[in-house]
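Keep in mind it's a predicted model, so treat the numbers as computed, not measured.
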Amino acid sequence: MKGADMCEYQEIIDDARVEAMAGSGSSYEFYCKRFTRIIDQKAAGLPGNEGNGLRDAAKASGDYMTPEEEREAFKGCCQHGIEWGCCPAGCDDLEDWHDEIGAMEIDEAVIAELKAEEEQARLDEIAARDAKVLDKIAEIQCKRRGNVTGKS
């Protein structure tokens, strides 16, 4: 595996689990939602394909949810993953339910934005690498011109 190895991913995953658990109450769905957001944020900050490697490792852990899995897990539930009418936070209001649909759409927009940022970071990394290669080629060409000129 290039870049970060599985041990480094596991450390990040373990830290994300602790952080997600701290604010999830007693809802596994909400824990998974928080865990997924934390992993996505950390993955967006990693270079190249390491972010995808982290997401793949997190998916293999079983706690990472795709947007489709999240929508399915939260059907009939409030934002905390608790069935409507049962949430201790008072998420019983029908207006809250409509707000949650909007929040899920916003979450999807955030994920899309994170993916776009990750792609831009990947492209920037490629551009930096290409610039180094072009600089090295220019340096070699200058040396060759200098040697040819010196021999004439």
Item to check | side chain to side chain contact (heavy atoms under 4.5 Å, CB included) assessment of E68 paired with R71 | outcome: CA-CA 5 Å; E68 295 80 22; R71 274 192 298 277; 3.5 Å; yes
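- Residues R122 and E50 are not paired through a salt bridge, judged by the lack of any N-O separation under 4.0 Å between the basic side chain and the carboxylate.
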Checklist entry - What do the steps show when you test E118 against N52 for side chain to side chain contact (heavy atoms under 4.5 Å, CB included), and what is the final call? => result CA-CA 9 Å; E118 182 179 316; N52 291 333; 3.0 Å; yes
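- For the residue pair Y9 / D56, no side-chain donor-acceptor distance below 3.5 Å is found, with atom types taken as modelled.
- Side-chain contact between E70 and R37 is present, with heavy atoms from C-beta onward closer than 4.5 Å.
- Separation of atoms CD1 (I140) and CG (D135) is listed at 11.0 Å; rounding is to 0.5 Å.
- D124 has its side chain within reach of Q120: a pair of non-hydrogen atoms, C-beta onward, lies under 4.5 Å apart.
- R17 places a side-chain heavy atom less than 4.5 Å from the side chain of S61.
- Between F35 and E19 there is no side-chain heavy-atom pair separated by less than 4.5 Å.
- Between Y64 atom OH and K33 atom NZ the span is 14.0 Å, to the nearest 0.5 Å.
- Of all heavy-atom pairs spanning L46 and G51, the tightest one is CB-N, 3.8 Å.
- How far CD of Q41 is from OG1 of T36: 11.0 Å, rounded to the nearest 0.5 Å.
- A continuous path of hydrophobic side-chain contacts links Y28 to M21 [ILVMFWY only; heavy atoms under 4.5 Å].
- Of the charged side-chain nitrogens involved, none lies within less than 4.0 Å of a carboxylate oxygen, so that R129 and E125 do not count as a salt-bridged pair.
- Taken from CG in L54 to CD1 in I39, the straight-line distance is 4.5 Å, to the nearest 0.5 Å.
- Between the CE atom in M65 and the CD atom in E72 there is a gap of 11.0 Å [rounded to 0.5 Å].
- The shortest distance between side-chain heavy atoms of K136 and E139 falls below 4.5 Å.
- Here the straight-line distance linking atom CD of E8 with atom CD1 of I13 works out to 12.0 Å at 0.5 Å rounding.
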